[in-house]
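Written below as structure tokens is the structure these notes are about.
Note that this is a predicted model, so its numbers are computed, not measured. Counting begins at 1 with the first residue of the sequence. Note that ligands are numbered from 1 as they come in the structure, with each ligand's atoms numbered from 1 the same way.
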Amino acid sequence: MERKEFLKSIGAGAAFAVMFPCLGGCSKDSDNGTIVTEPTGVDFTIDLNSEEASKLANPGGFVLKNLVVVAKNAAGIFVAASQICSHEGYDQVRFQADQDLFYCDVHGSKFSQNGTPTNQVTQNNLKIYSIEQTGDILRVFE
Ligand code: FES
């Protein structure tokens with residue numbers, strides 16, 4: 001099937017979406033976040049008794065700090081990944097409690113807790129950070 005026939009067969013609206021997939025969704029500083037450069041030298045702590053850590057009390061909860069998503073997975077283990085998506089660099093990675101994985105809602109990337117992509121949106125691994133817990137203090141670092 002020729003391109004023109006294909007576009008005609010799927011209709012004008014769909015053809016527009018195929019030809020201009022990023023209008024309104026891929027621009028910098030859009031509602032879908034901002035393209036950000038991956039930080040280097042990440043090394044910070046979170047006090048589990050602090051207000052900022054309140055969302056880490058239960059499995060599935062997560063907090064965003066220093067462009068890192070720190071989450072408590074379904075097993076109650078703390079995990080951390082970059083907030084910067086390995087697909088196109090938007091700062092929209094979050095933790096999805098019901099699937100126990102990291103995801104980015106800009107184009108739908110999903111990543112296992114070791115950073116491996118779990119769908120076909122990107123082949124690039126998500127950066128994962130180490131976590132060390134000493135008492136009530138979580139250290140997140142590279
Ligand atoms: S930037 Fe495309 S899925 Fe995250």
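Both V63 and F44 belong to a single network of hydrophobic side chains, linked directly or stepwise wherever heavy atoms of I, L, V, M, F, W or Y lie under 4.5 Å apart. Hydrophobic clustering (ILVMFWY, side-chain heavy atoms < 4.5 Å, transitive): L48 and V79 are in distinct clusters.
Taking the salt bridge (Lys or Arg N to Asp or Glu O under 4.0 Å) definition, one finds that D100 meets it with nothing, sequence neighbours left out.
Residue-level check: among N/O/S atoms of H87, ND1 sits closest to atom 2 (Fe) of ligand 1.
Listed by number with element, the atoms of ligand 1 under 4.0 angstrom from any heavy atom of S109 are 3 (S). Within ligand 1, the atoms closer than 4.0 Å to a non-hydrogen atom of G108 are 3 (S), numbered from 1 in the order shown.
The one candidate from V69, V106, T34 that meets the side chain to side chain contact (heavy atoms under 4.5 Å, CB included) condition with Q92 is V106.
Among the backbone and side-chain atoms of H107, an N, O or S atom lies under 2.8 Å from atom 2 (Fe) of ligand 1.
Separating the CD1 atom in I84 from the NZ atom in K127 is a distance of 11.0 Å, to the nearest 0.5 Å.
Under 4.0 angstrom from ligand 1, the non-hydrogen atoms of C85 all belong to its side chain.
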